[in-house]
Chemist: 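Shown below is the structure under consideration.
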Number of protein chains: 2
Amino acid sequence: MSVTIKQIAVVAGVSRGTVDRVLHNRPGVKPEIALHVRKIADDLGYEPNRAGKILAARKQPLKIGCFLPSIGNAFFDDVIAGFQQAENELSDFGVTLVLQEVEGYDAGVHIRAIRKLVEAGCQALCVSTIDTKEIRAFLNQLIDSGIPVIAVNTDLTKTGRLCYVGCDYLQAGSTAAGLLALMASDQLNLLIVTGSLKMKGHNDRIRGFSRTLREKKVPYKLVDVFEALDNDEYAYQMALGTLRAHPEINCIYIAAAGVAGVCRAVTELERQNQIYILSHDEIESTRQLVQDGVIDFTIGQEPKDQGYCSVQMMFDYYMSGKQVAPCNHITNTVIKIRENIN
Amino acid sequence: MSVTIKQIAVVAGVSRGTVDRVLHNRPGVKPEIALHVRKIADDLGYEPNRAGKILAARKQPLKIGCFLPSIGNAFFDDVIAGFQQAENELSDFGVTLVLQEVEGYDAGVHIRAIRKLVEAGCQALCVSTIDTKEIRAFLNQLIDSGIPVIAVNTDLTKTGRLCYVGCDYLQAGSTAAGLLALMASDQLNLLIVTGSLKMKGHNDRIRGFSRTLREKKVPYKLVDVFEALDNDEYAYQMALGTLRAHPEINCIYIAAAGVAGVCRAVTELERQNQIYILSHDEIESTRQLVQDGVIDFTIGQEPKDQGYCSVQMMFDYYMSGKQVAPCNHITNTVIKIRENIN
DNA sequence: TTGAAAGCGCTACCAC
DNA sequence: GTGGTAGCGCTTTCAA
């Protein structure tokens with residue numbers, strides 16, 4: 001059994017309160033006593049006990065705010081499931097979650113929603129937002145005012161965010177290309193469907209994809225690229241037009257949402273057997289298309305893990321007395337084909 | 001904030017001790033009072049608080065025994081890493097782990113090692129052993145004497161084990177075949193290397209593999225099958241002979257250990273570019289061979305997760321007062337290629 | 001500047 | 001059968 005504050009107090013000949021003050025760098029302790037106590041704690045190899053901390057922490061419960069642009073975007077369902085699992089496991093430890101959801105990627109809308117969380121009394125934030133100047137400035141202000149922030153799914157550069165919890169977009173794209181290279185032998189006539197050319201994650205996937213195709217010396221020709229704008233109907237229309245105009249297309253790489261729309265176009269034209277289809281992420285409709293053999297494979301990023309870990313890490317950070325900033329957590333790049341998608 | 005034992009005691013007009021007795025079905029409470037208290041607890045929606053339980057549980061620390069046939073078998077390194085991570089996270093909650101390792105699959109050796117754990121005072125077991133009559137009888141005896149057992153990596157049929165934590169071997173084999181089917185277009189002349197024809201897991205992988213090849217109507221001919229007996233040197237010798245005798249072999253499916261040995265034979269014969277090589281699991285040497293492009297892909301089973309979850313589930317089981325038996329936990333079937341193996 | 005004590009929720013134990 | 005109480009390790013507050 002390990003060292004307790006009580007033991008340190010006895011050895012140091014002071015009270016538990018004083019030891020506590022020293023260990024938390026709180027003022028009001030004579031320097032020489034502080035030094036003395038700290039030395040004893042170190043010598044004894046003191047490690048605070050989580051169970052005790054947690055129980056005591058219940059007097060000041062922790063409210064964590066979560067923000068996602070998840071309305072109308074099924075991808076985030078699993079992130080939310082991860083949030084909820086963490087909330088369940090930590091509710092006994094005094095943790096509450098507040099979830100704010102919005103639709104789309106308007107900076108003003110995001111800022112207002114996040115502000116709402118703070119006004120609701122959240123002492124910490126897990127957010128998935130866009131990495132723009134305006135939002136960075138806003139978040140840095142919150143961080144300076146003492147509200148720690150973890151970036152989920154999309155990193156926030158040049159901010160004081162504690163850490164990034166999400167996937168490696170470059171690796172995801174690269175993995176799609178690596179697997180395609182194992183499958184394809186003939187020349188590829190490629191259609192790339194992205195979400196938005198403004199989204200760094202989508203661009204990174206395409207960069208990783210192209211780079212690895214080149215490295216592997218896969219002979220390919222890029223026939224066309226279009227943005228699906230997270231809209232299945234629009235993706236369908238665009239794909240239909242492009243496929244009609246280009247009967248030579250034999251591979252479609254869908255780097256973001258709009259998967260079902262693109263696939264609808266392909267099956268309507270009855271070309272699913274002549275075209276490799278690769279996608280990212282794993283929402284219900286995508287899963288179904290993989291199971292039906294329309295999509296050859298999809299590259300996932302463990303979104304549930306992202307939600308779960310970000311909340312857990314925030315809790316740990318608070319439990320450590322905001323001393324130990326967590327490291328980035330990069331989720332696995334997972335390959336799903338028909339046989340292992342469920 | 002949720003309902004506590006104290007509140008129930010006040011409402012019921014009894015002491016906390018009595019409430020505790022009722023909630024734990026301990027004897028020494030008048031039936032009508034018990035009924036009364038239970039009703040109030042239900043009405044109030046009482047949920048025991050983990051933090052409080054854990055802290056109190058430190059007075060009777062939990063010692064969990066782990067058994068693995070891991071000596072000389074690198075696969076188990078990650079399972080052990082999972083055990084250790086769980087031990088780390090739970091050490092503050094009074095959990096200690098004792099690890100017993102043996103080499104090979106002799107029932108007597110396994111039984112003696114597991115007995116040692118019990119004699120060392122372990123109150124619960126997480127074991128990876130073989131599913132034989134002798135071992136089943138031995139374990140059932142322990143289970144009857146009040147020591148709960150979780151089966152890790154290999155299930156134990158017809159025993160009172162709490163649950164199974166491990167992979168789906170059939171799905172793993174099936175996934176290997178599904179991915180191979182996406183890659184291969186010509187007729188396959190197949191060499192299958194298994195670990196032992198006595199191991200159910202290995203056989204299941206091969207069954208899943210063959211079944212899916214047939215389902216996908218992949219034209220293939222089984223040229224040869226041999227056992228590698230978890231021995232790289234032996235695997236090397238056998239592979240060398242078989243490959244020399246059969247220049248038509250263009251695909252090797254390695255269902256168990258011996259991966260590096262087989263690959264050495266292939267590269268020595270300079271046939272790595274003519275042969276698809278598929279393997280299972282992810283030890284350091286396998287990882288290297290995937291990175292070098294010798295192995296096309298390997299199918300993993302998240303061994304670390306297996307170690308981690310089994311210990312966590314055992315802890316939760318004890319925390320629930322041995323009331324709620326945990327469900328099976330089937331780990332993901334993960335596909336690793338060069339681009340996502342690290 | 002420091003000590004003492006209460007209390008987080010639960011369990012265990014002793015006394016009646 | 002039942003109540004009362006101490007204590008798990010920690011934080012916080014009040015008193016000195």
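A, B, ... follow the sequence lines: proteins, then strands. Residue 1 opens every chain.
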Chemist: Return the orientation label for the A:F93 and B:F93 ring planes: parallel under 30°, perpendicular over 60°, tilted otherwise.
Modeler: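 Ring orientation of A:F93 relative to B:F93: perpendicular.
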Chemist: Report which part of the nucleic acid A:I54 touches: base, sugar-phosphate, or nothing (heavy-atom distance under 4.0 Å, all strands).
Modeler: nothing
Chemist: Side chain to side chain contact (heavy atoms under 4.5 Å, CB included) between B:F76 and B:S128: does it pass, once the steps are laid out?
Modeler: CA-CA 10 Å; B:F76 287 103; B:S128 181; 3.8 Å; yes
Chemist: Might you point out which heavy atoms bring A:D131 and A:T157 nearest each other, and give the distance in Å?
Modeler: OD2-OG1, 2.7 Å
Chemist: Could you list, one pair per line, each protein nitrogen or oxygen that sits under 3.5 Å from a nitrogen or oxygen of nucleotides 10-12 of chain C, together with the distance?
Modeler:
from: C:dC10; atom 1: OP1; to: B:Y46; atom 2: OH; distance (Å): 2.6
from: C:dC10; atom 1: OP1; to: B:N49; atom 2: N; distance (Å): 2.9
from: C:dC10; atom 1: OP2; to: B:I5; atom 2: N; distance (Å): 2.8
from: C:dC10; atom 1: N4; to: B:R16; atom 2: NH2; distance (Å): 2.3
from: C:dT11; atom 1: OP1; to: B:H24; atom 2: NE2; distance (Å): 2.9
from: C:dT11; atom 1: OP1; to: B:K53; atom 2: NZ; distance (Å): 3.2
from: C:dT11; atom 1: OP2; to: B:D20; atom 2: OD1; distance (Å): 2.5
from: C:dA12; atom 1: OP1; to: B:Q60; atom 2: OE1; distance (Å): 3.0

Chemist: Enter the distance from A:T159:OG1 to A:R136:CZ here, rounded to the nearest 0.5 Å.
Modeler: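 Reported value, rounded in 0.5 Å steps: 8.0 Å.
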Chemist: Would you mind reading off the distance between B:L55 atom CG and D:dT11 atom C1', rounded to a whole angstrom?
Modeler: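 Roughly 13 Å, once rounded to whole Å.
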Chemist: Using C1' atoms of five pairs at each end, report the bend of the helix from C:dT1-D:dA16 to C:dC16-D:dG1 rounded to 10 degrees.
Modeler: 60°
Chemist: Is it true that, when you exclude A:K322 itself, more than 12 heavy atoms of the residues, nucleotides or ligands shown sit nearer than 6.0 Å to its NZ?
Modeler: yes
Chemist: Evaluate the side chain to side chain contact (heavy atoms under 4.5 Å, CB included) criterion for residues A:E89 and A:Y308: first the C-alpha distance (whole Å), next the side-chain angles of each, then the deciding distance (0.1 Å), finally the verdict.
Modeler: CA-CA 10 Å; A:E89 291 183 16; A:Y308 179 79; 2.6 Å; yes
Chemist: Please round to the nearest 0.5 Å and tell me the distance separating atom CZ of B:R38 and atom CD1 of B:I33.
Modeler: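 Rounded to the nearest 0.5 Å, the CZ-CD1 separation comes to 13.0 Å.
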Chemist: Provide, to the nearest angstrom, the distance between the CG atom belonging to B:D92 and the P atom belonging to D:dC10.
Modeler: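 Computing the B:D92:CG to D:dC10:P distance gives 9 Å.
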Chemist: Roughly how far, to the nearest 0.5 Å, is the CD atom of A:E47 from the OG atom of B:S91?
Modeler: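 Spacing of OG (B:S91) from CD (A:E47) equals 8.5 Å.
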Chemist: Measure CG/A:L23 against P/D:dT11 and give the value in whole Å, please.
Modeler: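 My rounded result for the distance is 8 Å.
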Chemist: According to a strict under-4.0 Å criterion, is B:T18 in side-chain N/O contact with OP1 or OP2 of D:dG3?
Modeler: yes
Chemist: Using atom CD1 of A:I8 as one end and atom C1' of D:dG9 as the other, report the distance to the nearest whole Å.
Modeler: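 Checked: the CD1 to C1' distance equals 11 Å.
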Chemist: Quick check for you: among C:dT1, D:dT2, D:dT13, whose closest atom lies nearest to any side-chain atom of B:R21?
Modeler: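 Closest nucleotide among those given: D:dT2.
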